[in-house]
Each structure stands twice: as structure tokens, then as C-alpha cells.
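Inspection log for the structure reproduced underneath, given as C-alpha cells.
In the text below, chain A, chain B and the rest are named by the order of the sequence lines, each starting its count at 1.
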There are 2 protein chains.
Amino acid sequence: MVTDTKTNLLNSAEHAARTRGFDGFSYADLAAEVKITKASIHHHFANKATLAVALMQRYHTDLKAACAEIDLEHATGAACLSALISRYHGALEGGQSLCLCVSFSTSIESLSAQTIAEMNSFRSMMIEWISQKFRQGKEDGSIQHVLDPEAEAAALLPLLEGAQLAARVAQDTQRFEAALRLVSQRFQT
Amino acid sequence: MVTDTKTNLLNSAEHAARTRGFDGFSYADLAAEVKITKASIHHHFANKATLAVALMQRYHTDLKAACAEIDLEHATGAACLSALISRYHGALEGGQSLCLCVSFSTSIESLSAQTIAEMNSFRSMMIEWISQKFRQGKEDGSIQHVLDPEAEAAALLPLLEGAQLAARVAQDTQRFEAALRLVSQRFQT
DNA sequence: GTCTATACCAAGATAGAC
DNA sequence: GTCTATCTTGGTATAGAC
């Protein structure tokens, strides 16, 4: 399958941002990887702010689709949340990479208001989906001790993100697993 | 009290790193704030890598001292952990700032091996202290449902860090509080 | 210990040809 | 849609005077 240049640029930029942060990659990096010149990138993304917005929008769409797919493939609340945890685990790529929203978070001052709005929109979507899964798990009995699904969701998303940071610093994905162990143990398989 | 230039530089750099990330501040920023020239900074810190190491070492020392002070001022495991959570909450500065280790984590590729080693050393120290507090809270009955103090600590530090990211993106410290609510509810006051 | 001056490079971005 | 060429700014870092 042939991928168009714009998609190649988004792929390259997402990988760069997730491994080096928003302030840690440049048009020159993308140009080298996609094999066009810096000037040509500006044809697709007029400036870095535009690129950042496009990255977050695509990321939001991708994750929403991933959650919808998890819904279809798993029967219980616990199974769905386990699948989400697996996805965040996989996104580590062995400790080299972070989820896009985490990698953008420390560079907030370099980002446009629109990008920050997209980040918040993404987080709201995720929190809502996770809340619903805790409600489901409470009802179907697949998650133990669920008192407040909203409080659970407000904790789980930050825990996933923080666990990624822990694994990244230690260059060891077991840190991620260790951070998630407590909540995973409440899932009935 | 008069502060020497080197300390002023460290203070300025720490604030800059915590609000804009390691790749998001420059010697020019510090020079403007401390009111010396860029060239003079190199007298105190030969290069940015040296500065990063000094920042992490001081941060480690500061947090270790803060934990020791918490130990002295609070009787129970729950009270000590509540005090630590308060410190991380306060470090947000209303949603503008992160803890230094979090702000460095996304820029790992720009950091020297020595700086990364200092970050891991800091995290080990914190995990150990938190583990001990969960053990204490289990024994003195101040924390409910503690089965595995090590697993609790492996989760709490990432949760604190992830909760800071959540508050930073939303520009709302209530996200931090919401993320910590579940664990805080297990503390007997 | 701080300064001026400067070297060197990389960044984001633009103009205009093809 | 991609190129060459160029602009402007700002980054880290150094030399050498005071």
C-alpha cells in the first residue's frame, strides 16, 4: 500500500514527538526521514503549530476508534480495561516512546491554544470511556470494589500516563506493569 | 538573606525546566532572570548537561529532606503520605508547573547518561520511602486494605506524576485532587 | 566572576523557479 | 508538490579583556 506524503509526515512527526517531545524534534528531522526538503513540509503543514493540531486530532480519532474496537471484542468491563492497559503498554515500544498526550504535556507553553484544546478534548473522551467501563465492570461483577466509577477513571488515566513516564525513565517496561498491578488485580478473568 | 549567583541560576533553571521542560528553556532565559550575561552562566555551569545534573542532584536532596521532615512531623503512615501528596499538589503552582523529574522525562533523549542516572536514583529513593509509609500505615491501621506495600508504592509515585500532567493540561488543580481521591479515601484521619 | 564580542549551527519560515 | 536559495532568529559555546 502506498502512503501519501502528508500521512508519512504525520507518522514521522508522531514518532518523533513521542520519543523526543514537541520541542525535541524539528522539520529537518522529518525531512530526513520522509526524504523531502524542509521547505516542502511547509506545503503540507504551514507551521509547527498546525502540525501539532493535526497530530492531536488524528491521535484522538485513533484512540476513539481503538476504544470502539475494544468494546466490540471484549465482553466485560474488566476485559475492556485490560485491553486499554495493554494498548498503553504497547505504546511504550520497550521504553522508548510515550503516548502523544503525555509527550506534549511538558511542552504546553510551546503549544497553541487550539492544540491544548484538542488535548483536553482527547482526555475528556478517554475519561468518559473509562468511567463507562468501570460502571460496566461494577454491574457485571468483573471488577472488584468499585464504589465510584468517575473517581476510578479520574485516577486510571493519570496512572497510565505516569506509569509510562516511570517505564521511560527506567528504560524498563516492568515499571509500567508494576504500577498497574494493583488495579489489574481487581479484574476478574 | 543574600543568595549567591550559582543558587540564583539553579532556582531560575529549576522553575524554567518545570514550566517549559528541559528543551524549552535556554541560557538566555536564565541570563535575563538572574541579570547576568549568557557567557557568565558558563562560568558556573560549563554546559547545559552539567546544569541538568546539578538540578537533579539538588532536587533529590531537597525531596529527601522533605520526606525526612514529614517523618518527624507526622505520626501515622497515612498522615505522612497525605503530606507528600500535599507537597506534589503544591508543586503544581496552580497548574503552571510540574515536578522536575516529570518535566525531564519527556526530554530523555536530550539528557546525559548521568542525568538519567540521577533521575533513577531519585525515583528509587521516593519509591522506598513510600513503600515504608505503606508498611507503617498497614501496621498502625491508618491506611485501609494494604496488602502489598511495594505494589502500592510502585503505583502511587506514577499516579502523583500523572496527576500533575492531568492538572497541567487542564490548567486545573482539581484534576490532581480527583486523581488522588481514591487513594486518599483509604487514609484514616 | 563578569563582561563584550563573536563563532558556529540549527531552528522555523518564505520567495520564487520548475 | 517539490525544489534551491535565502532570511531571521535564537541556540550553545568560546576567547579574551577587565
Between atom [atom1] in [X] and atom [atom2] in [N], what is the gap in whole Å?
X: B:Lys6; N: C:dT2; atom1: NZ; atom2: C1'; value: 15 Å
X: A:Asn8; N: D:dG1; atom1: CG; atom2: C1'; value: 14 Å
X: A:Ile41; N: D:dC3; atom1: CD1; atom2: C1'; value: 13 Å
X: B:Asp23; N: C:dA10; atom1: CG; atom2: P; value: 15 Å

Output, in order, the C-alpha distance, side-chain angles, deciding distance and verdict of side chain to side chain donor-acceptor pair (under 3.5 Å) for B:Asn47 and B:Thr50.
CA-CA 5 Å; B:Asn47 49 52; B:Thr50 307; 2.8 Å; yes
Sort and list the pairs that fulfil side chain to side chain donor-acceptor pair (under 3.5 Å) and have at least one residue in [range], not counting sequence neighbours.
range: residues 149-165 of chain B; value: B:Arg123-B:Glu161, B:Arg135-B:Glu150, B:Glu152-B:Arg186
range: residues 74-83 of chain A; value: none
range: residues 175-184 of chain A; value: A:His89-A:Glu177

Validation row, ring centre B:Tyr27 to ring centre B:His42 under 6.0 Å:
yes
May I ask you to list the residues of [range], by number, that have any heavy atom positioned under 4.0 Å from an atom of DNA chain D?
range: residues 26-40 of chain B; result: B:Ser26, B:Tyr27, B:Ala28, B:Lys38, B:Ala39
range: residues 42-49 of chain A; result: A:His43, A:His44
range: residues 103-118 of chain B; result: none

Is a side-chain donor or acceptor of [X] paired with a backbone partner of [Y] at a separation under 3.5 angstrom?
X: A:Lys48; Y: A:Phe22; value: yes
X: A:Arg168; Y: A:Gly95; value: yes
X: A:Ser105; Y: A:Cys101; value: yes
X: A:Arg20; Y: B:Ser107; value: no

Between B:Thr5 and C:dG1, is there a contact of a side-chain N or O with OP1 or OP2 at under 4.0 Å?
no
Would you indicate whether A:Glu128, at its atom CD, is surrounded by more than 12 heavy atoms from other residues, nucleotides or ligands within a distance under 6.0 Å?
no
Could you tell me whether B:Lys64 sits above the aromatic face of B:Phe122, with NZ or CZ closer than 6.0 angstrom to the six-membered ring centre and within 45 degrees of the axis?
no
